[in-house]
Structure formats: C-alpha cells, structure tokens
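The next block holds one structure in the form of structure tokens; read it before the comments.
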Amino acid sequence: LWVASGVSGLMLYRVVERKQAAEAVPAAAPQVAAPASAGPAKERDAVDDARIAARAKVEQGAFDAAIEALDAALTLHGDPRLKEDLVQVLCRAASAALDDGRLARAFRYADRAFALAPENALVKKLLAEVLRRQAEEQSPDRARESLERATTVEPENAHAWMELAKLCEQENDLQCAIAALDALSNTKHGSHIEGLADKKRSLEKQHRVEVDFDGVRTEHFVARFEGYGNEQMAWRVLNTLERAYFGVSERLGREPNERITVVIYTGAQYREALNAPDWSGGFYDGKIRVREGDLAAGNGRLESVLTHEY
C-alpha cells in the first residue's frame, strides 16, 4: 500500500512540477510581419527618381550626364524601363550629333544603342544613316566597310546600297557593284529607281569583258588592261594622264577627289563592253575608256585621246 501510495504521490508531484515550469516560461511575443510591398515600393520610387533625373538632364542637353546616370541606375536596379530610357537618350544624342556634323560622336552613341537594342527598327535606321554619312568622308576602304555594315544593319536602306554600288564600281570591283544593285532593286524604294536595270546590265557586260584584267596605278590614276603584253602601254597611258592632270589642274584650279580609272580595250572588247561605234576614239562615263589600237597609232594620238577624255 505504501509503495503504491508513494508512486502515486511521485507522479502527482511531477505533473505539478511540469505545469509550474511551463507557466514560468514567458510567452513568445507575436511576430509582426513587415508590409510585403515596402521593399518593391521603395525600389520603384528609386527607379522613378532616376528616370526623372535623367529626363531633366536630357532637356538641358546634357546627354552624357543623362547616359551616365541611367547606366548607374541600370546597374543598380536592372529595371527594363531604365534600359529603354537609355536607348532613347542614346538615339537623341546620336541624332543631335549627326545634325551638328559630329559623325564620330554620332556613331559612338548609335552603336551603343544598337548593342542594347539590336532589333529596334528606329535604332537600326539611325545607325545605318550614321554609317552612310561617315562613308562620305572616309577613304575608299573604310567607306566600303561602313556601307557594308550599314546595309547589314538595315537591308532596306536604298541609299546605302546605291552608294556601295557606286563605290565598288569606282574601285573596279564590278562583281560587288552588281550584287549591290541586285540588293538595291529588292528594297522597297530601290525597285522604283528609273534606269536601275539598264545600269546593272551595263555593269554585267563590262564585268564579262574585264573579269581577267590586270591593273597598275599612279598617284592619281588607275589603268586596267588585259595581258602582260599591254602593261607597257598601261604605263605610257598613266604617265600621259599624270602630265595632263597637272596641266589641267593648274589651268582650272580644280582637282578630282579620287583616282580616275582608265580602261584599255581591244577593238572587240570595246564594242562588246560598251556597244560603242568603231569611229569613237573613247569616252568618259566616270572612267576613261579607250581602245589600245588608237593609243598605239602614234602621231600624237595617245596624248590627244587621253587629254580629251580627261
């Protein structure tokens, strides 16, 4: 009996002990959750402030400051609206520089905008126009690079295709010129250019005749001819033209802006490439085109024909 009574008392004591211990532990304070929208709202406010500040700088004409501010905000927040604003500011800066004739600066802005938004039609149009304008002031090699990129960026740019065709013809790359005219005819505006098909056919005829021609050049002229045997004739032509160049330039006070090409044909080549009558000694269509027979005739014929056509 005592043992049972003692066990019961012990059990009761432990129950009371656990209850008192539980009551002695203070209740945990209720957790108050922060408003879920507090973080995103603060982020939106920061982005809005950055956009407003950049817009104010643009209105003041401080494009570089606006670009710098948007760059920093975009790095910090990554909001796509900041990227869109940056592209717009770069385009405005490029357009302003283009209007002022600051082509290198315009290219820097437009190229950055294209890197950020390569599918944006307005960005592509702007960059292509900047490249086309740059080509007008560049050396032939650099100009060709600029025009080729312009037509890649905006394949519908008829002006760039036309200028690329002209440049390639001037540089005696007739295959390139023909390809550029092909692409031009496939653009929306190029398909309506009068005489385009005739010009392409003319270049194709010349290319068939001149595809194996060689070339030599001096400071102001390039001579194209077929066969090693005509190289001596080509150098005589170039020397004659260089003398004419200085004489004419001195009398007129004007000089050509680029090298002039003279193409030396046989009689058959002359007729095939140009559809020219046999009685014509030569003519000029941006290039001097002559027959080797007339140049070799002697009696001052070489000087007469070349000086006349130049």
Requested in this report: Could you tell me whether the side chain of Leu131 reaches within less than 4.5 Å of the side chain of Leu147, counting heavy atoms only?
Outcome: no

**Report entry** Under 3.5 Å donor-acceptor, Thr187 side chain and Leu184 backbone
**Finding:** yes

Query raised in the report: Would one find more than 12 heavy atoms of other residues, nucleotides or ligands at under 6.0 Å from atom CD of Glu204?
Result: yes

Query - Inter-residue atom distance Leu103.CG - Arg105.CZ, 0.5 Å rounding - result: 12.5 Å

Query raised in the report: Are His207 and Phe213 close enough that their ring centres sit under 6.0 Å apart?
Result: no

**Report entry** Shared hydrophobic cluster for Leu86 and Tyr109 (ILVMFWY, side-chain gaps under 4.5 Å)
**Finding:** yes

Query raised in the report: Within a strict 4.5 Å, meaning less than it, do heavy atoms of the Arg144 and Glu171 side chains meet?
Result: no

Requested in this report: Look only at the side chain of Ser146 and the backbone of Arg142, and say whether a donor-acceptor pair between them is shorter than 3.5 Å.
Outcome: yes

Requested in this report: Nearest 0.5 Å please: distance from the CD1 atom of Ile264 over to the OG1 atom of Thr266.
Outcome: 11.5 Å

Report task. Show your reasoning for whether side-chain contact (heavy atoms from CB on, under 4.5 Å) applies to Ile288 and Ile260. Result -> CA-CA 8 Å; Ile288 299 172; Ile260 295 175; 4.2 Å; yes

Query - Donor-acceptor pair, side chain of Trp161 and main chain of Pro155, under 3.5 angstrom - result: yes

Query raised in the report: Has Glu136 got more than 12 heavy atoms of other residues, nucleotides or ligands less than 6.0 Å from its CD?
Result: yes

Query raised in the report: Just how far is it from atom CZ of Arg108 to atom CG of Leu90, taken to the nearest 0.5 Å?
Result: 10.5 Å

**Report entry** His189 versus Ala158, closest heavy-atom pair with distance
**Finding:** CB-CB, 4.3 Å

Report task. Check whether Leu174 and Val263 end up in the same hydrophobic cluster, where Ile, Leu, Val, Met, Phe, Trp and Tyr are linked by side-chain heavy atoms less than 4.5 Å apart. Result -> no

Query raised in the report: Within the distance-only criterion (no hydrogens, no angle test), does the side chain of Glu156 pair as donor or acceptor with the backbone N or O of Lys188 below 3.5 angstrom?
Result: yes

Report task. Before accepting this row, confirm whether a basic side-chain N of the pair Arg236/Glu231 lies closer than 4.0 Å to the acidic partner's carboxylate O. Result -> no

Query - Lys124 versus Pro118, closest heavy-atom pair with distance - result: CD-O, 3.4 Å

Query raised in the report: Are side-chain heavy atoms of Leu122 and Cys91 found at a separation under 4.5 Å?
Result: no

Query raised in the report: Are Arg132 and Glu129 close enough for a salt bridge, meaning some N to O gap below 4.0 Å?
Result: yes

Report task. May I ask you to decide if Met233's main-chain N or O and Asn230's side chain share a donor-acceptor pair within less than 3.5 Å? Result -> no

Query raised in the report: At what distance, to the nearest 0.5 angstrom, does SG of Cys176 lie from CG of Leu167?
Result: 7.5 Å

Query - Asp198 and Arg201 ion-paired at < 4.0 Å - result: yes

Query - Verify same cluster id: Val209, Ile178 (apolar side-chain graph, 4.5 Å) - result: no

Requested in this report: Determine whether the side chains of Arg289 and Tyr265 contain a donor N or O and an acceptor N or O closer than 3.5 Å.
Outcome: yes

Requested in this report: Determine, for Lys83 against Asp71, whether the closest basic-nitrogen to carboxylate-oxygen distance falls under 4.0 angstrom.
Outcome: no

Query raised in the report: Under a 4.5 Å cut-off applied to non-hydrogen side-chain atoms, are Leu82 and Arg51 in contact?
Result: yes

Requested in this report: Please answer whether the main-chain N or O of Glu210 pairs with a side-chain N or O of Arg224 as donor and acceptor at a distance below 3.5 Å.
Outcome: yes

Requested in this report: Please confirm whether the backbone N or O of Thr218 pairs with a side-chain atom of Arg259, one donor and one acceptor, at under 3.5 Å?
Outcome: yes

Query raised in the report: Should the heavy atoms of other residues, nucleotides or ligands under 6.0 Å from NZ of Lys205 be counted, would the total exceed 12?
Result: yes

Query raised in the report: Can Thr152 and Glu148 be counted as having a side-chain donor-acceptor contact under 3.5 angstrom?
Result: no

Query - Full working for salt bridge (charged side-chain N to carboxylate O under 4.0 Å, His left out) between Arg92 and Glu59 - result: CA-CA 11 Å; Arg92 285 192 60 175; Glu59 294 306 318; 3.6 Å; yes

Query raised in the report: Between Ala113 and Val123, which heavy-atom pair has the shortest distance, and what is it?
Result: C-CG1, 3.7 Å

Report summary line: Heavy atoms of Ala46 and His77 approach each other most closely as CB-CE1, 3.7 Å

Report task. Provide the closest heavy-atom pair for Arg217 versus Trp235 in the form atom of the first, atom of the second, distance. Result -> O-CH2, 3.8 Å

Report task. Apply side-chain contact (heavy atoms from CB on, under 4.5 Å) to the pair Val130 and Leu98, showing each step before the final yes or no. Result -> CA-CA 7 Å; Val130 171; Leu98 191 62; 4.2 Å; yes

Query raised in the report: Do Val47 and Val87 belong to the same hydrophobic cluster, where Ile, Leu, Val, Met, Phe, Trp and Tyr are linked whenever their side-chain heavy atoms lie under 4.5 Å apart, directly or via other members?
Result: yes

Report task. Check the hydrophobic clustering (I, L, V, M, F, W, Y; side-chain heavy atoms under 4.5 Å; chains of links allowed) and say if Phe225 and Tyr284 are grouped together. Result -> yes

Query raised in the report: If only atom types and distance count, is the side chain of Lys287 paired as donor or acceptor with the main-chain N or O of Glu169 below 3.5 Å?
Result: yes

Query raised in the report: About how many Å separate CZ of Phe221 and CG of Leu238, when rounded to the nearest 0.5 Å?
Result: 8.5 Å

Report task. Could you pull out the closest heavy-atom pair between Thr151 and Ala160, with the gap in Å? Result -> CG2-CB, 3.7 Å

Query raised in the report: Is any NZ, NE, NH1 or NH2 atom of the basic residue among Arg44 and Asp79 found under 4.0 Å from an Asp or Glu carboxylate oxygen of the other?
Result: no

Report task. Rounded to the nearest 0.5 Å, what's the gap from CG on Asn172 to OG1 on Thr261? Could you check? Result -> 4.0 Å

Requested in this report: Start with the C-alpha distance between Phe283 and Leu274, add both sets of side-chain angles, then the distance that settles side-chain contact (heavy atoms from CB on, under 4.5 Å), and finish with yes or no.
Outcome: CA-CA 10 Å; Phe283 70 94; Leu274 309 173; 3.4 Å; yes

